[in-house]
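Read through the structure below, which is laid out as structure tokens, and then see the notes.
Computed over heavy atoms, backbone and side chain alike; hydrogens, waters and symmetry mates excluded. In what follows, residues are counted from 1 in the order of the sequence shown. Just so you know, ligand 1 is whichever comes first in the structure, and atom 1 is the first atom listed for that ligand.
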Amino acid sequence: MLIRRKRGWEIPENRATPESVFLNRREILAAAGMGAIGLAAGSMVLPGLARAAEADPSAGLYPAARNPRYKIERDVTPEKINAHYNNFYEYSTDKELADAAQALKIRPWTIQFGGLVEKEKTVGIDDLLKAMKLEERLYRHRCVEAWSMTVPWTGFPLADLVAFAKPLSGAKYIQMETFLDPAMAPGQNQPFYPWPYVEGLTMAEATNELAFMVTGVYGKPLLKQMGAPIRLHTPWKYGFKSMKSIVKVSFVEERPVNFWQQLQSSEYGFWANVNPEVPHPRWSQASETVIGTNERVPTQLFNGYGEFVAGLYKGLESEALYM
Ligand code: MTE
């Protein structure tokens with residue numbers, strides 16, 4: 001159940017509003033928001049920062065060489081700030097969930113490949129990592145809540161995962177699922193949400209060079225609160241497409257209905273491409289707050305990645321491409 005904490009400035013919202021939206025708005029309105037979090041982060045014990053490298057058997061794979069093709073004009077968001085400002089509803093609807101997310105058990109971890117594939121298979125994360133060539137990419141990360149970061153992800157192209165899975169020609173979409181384990185993730189005891197978290201992309205999106213499977217961050221294995229041991233990042237789309245802690249990858253004919261769409265289809269769609277000119281039904285997407293500096297900067301079409309992805313949407317103009 002959502003817990004509604006009414007403040008004087010809050011406008012009434014429908015029951016299905018993602019709680020992060022109003023929490024985020026509260027934080028942004030607090031203005032001092034990131035300054036305060038930044039200060040606090042500097043002086044507290046940082047869950048996951050020290051522990052991840054010790055506990056993770058893949059630690060020796062990092063850092064990987066940076067791919068210089070993906071240049072960025074913004075400063076990288078400091079790790080200490082990113083590690084304490086996350087969306088991971090399996091653990092909390094609050095951004096400070098790093099401690100809670102340490103309950104995520106990342107070994108053993110398997111990923112099941114199924115649906116329209118030559119042969120179904122289940123692969124352990126460390127075997128998958130051995131089969132992939134890791135690289136680091138600096139990507140802009142833009143949440144639908146109108147905040148953004150710049151993150152040094154490490155991983156491999158989703159196109160390589162697709163090749164590894166060997167889908168059949170009838171596959172039109174890739175669908176991915178997060179783990180389902182309410183004993184490990186207390187948020188999954190909230191029956192209001194349609195667990196497990198599901199997302200999908202068209203095959204053309206999935207094989208676009210930008211679509212990236214993330215297994216590391218800041219030159220180390222991925223932190224639990226960021227979706228260890230493996231997540232997606234699609235930098236031209238709102239962050240909710242970039243799903244975390246993936247256990248299942250399927251190739252399907254029918255368009256997947258994602259987690260947020262299942263909750264509120266009038267506000268969240270399948271495509272979710274970033275567009276400053278298409279407001280969310282309840283707020284503008286024209287600009288975004290840069291987490292770490294609290295600057296407000298203009299949002300860019302496709303989050304600045306139009307040269308890579310605009311062509312994917314030719315002929316699809318009748319679709320709700322920007323929600
Ligand atoms: N994946 C899962 N499984 N659960 C979630 O709650 N939140 C999404 C996305 N992936 C989410 C998820 C949203 S709304 C955003 S903005 C990004 O993760 C946040 O990623 P970050 O915490 O690394 O910034």
Using a 4.0 Å heavy-atom cut-off, say whether Asn86 meets ligand 1 through its side chain, its backbone, both or neither. both
Those atoms of ligand 1 less than 4.0 Å from some heavy atom in Thr178: 3 (N)
Can the positive tip of Lys224 be found less than 6.0 Å from the middle of the six-membered ring of Phe88, inside 45° of the ring normal? no
Note: ligand 1 atoms sitting under 4.0 Å from heavy atoms of Phe240 are 8 (C), 13 (C), 14 (S)
In plain terms, say whether Lys166 and Glu120 are close enough for a salt bridge, that is, a side-chain N and a carboxylate O under 4.0 Å apart. no
Check contact between Trp147 and ligand 1, using heavy atoms of the residue and a distance below 4.0 angstrom. yes
Do Tyr173 and Ser250 get their side chains close enough for a donor-acceptor pair, meaning under 3.5 Å? no
Determine whether more than 12 heavy atoms belonging to other residues, nucleotides or ligands lie under 6.0 Å from atom NZ of Lys121. yes
Arg231: heavy atom below 4.0 Å from ligand 1, yes or no? yes
Please confirm whether Asn87 comes within less than 3.5 Å of ligand 1 when only nitrogen or oxygen atoms on both sides are compared. yes
Give the numbers and elements of all ligand 1 atoms closer than 4.0 Å to a heavy atom of Cys143. 16 (S)
Taking both backbone and side-chain atoms of Trp260, is any N or O found less than 3.5 Å from an N or O belonging to ligand 1? no
For ligand 1, which atoms sit closer than 4.0 Å to a heavy atom of Met243? 1 (N), 10 (N)
Stepwise side-chain contact (heavy atoms from CB on, under 4.5 Å) check, Ser58 with Arg107: CA-CA 11 Å; Ser58 67; Arg107 292 295 186 289; 3.7 Å; yes
Any N/O of Tyr89 closer than 3.5 Å to an N/O of ligand 1? yes
Are the side chain of Asn82 and the backbone of Val151 linked by a donor-acceptor contact shorter than 3.5 Å? no
Close approach of Ser242 to ligand 1, heavy atoms, under 4.0 angstrom: yes
pair Tyr268-His280: side-chain heavy atoms closer than 4.5 Å: yes
Record the part of Glu145 in heavy-atom contact with ligand 1 below 4.0 Å; permitted values are side chain, backbone, both and neither. neither
Heavy-atom distance to atom 8 (C) of ligand 1: which of Tyr91, Tyr268, Phe88, Tyr197 wins? Tyr197
Pull out every atom of ligand 1 sitting under 4.0 Å from any heavy atom of Gly239, numbered as shown with elements. 8 (C), 9 (C), 13 (C), 15 (C), 16 (S), 17 (C), 18 (O)
Using a strict 4.0 Å threshold on nitrogen-to-oxygen distance, state whether Asp181 and Lys105 make a salt bridge. no
Whether Gln188 side chain and Phe179 backbone form a donor-acceptor pair below 3.5 Å: yes
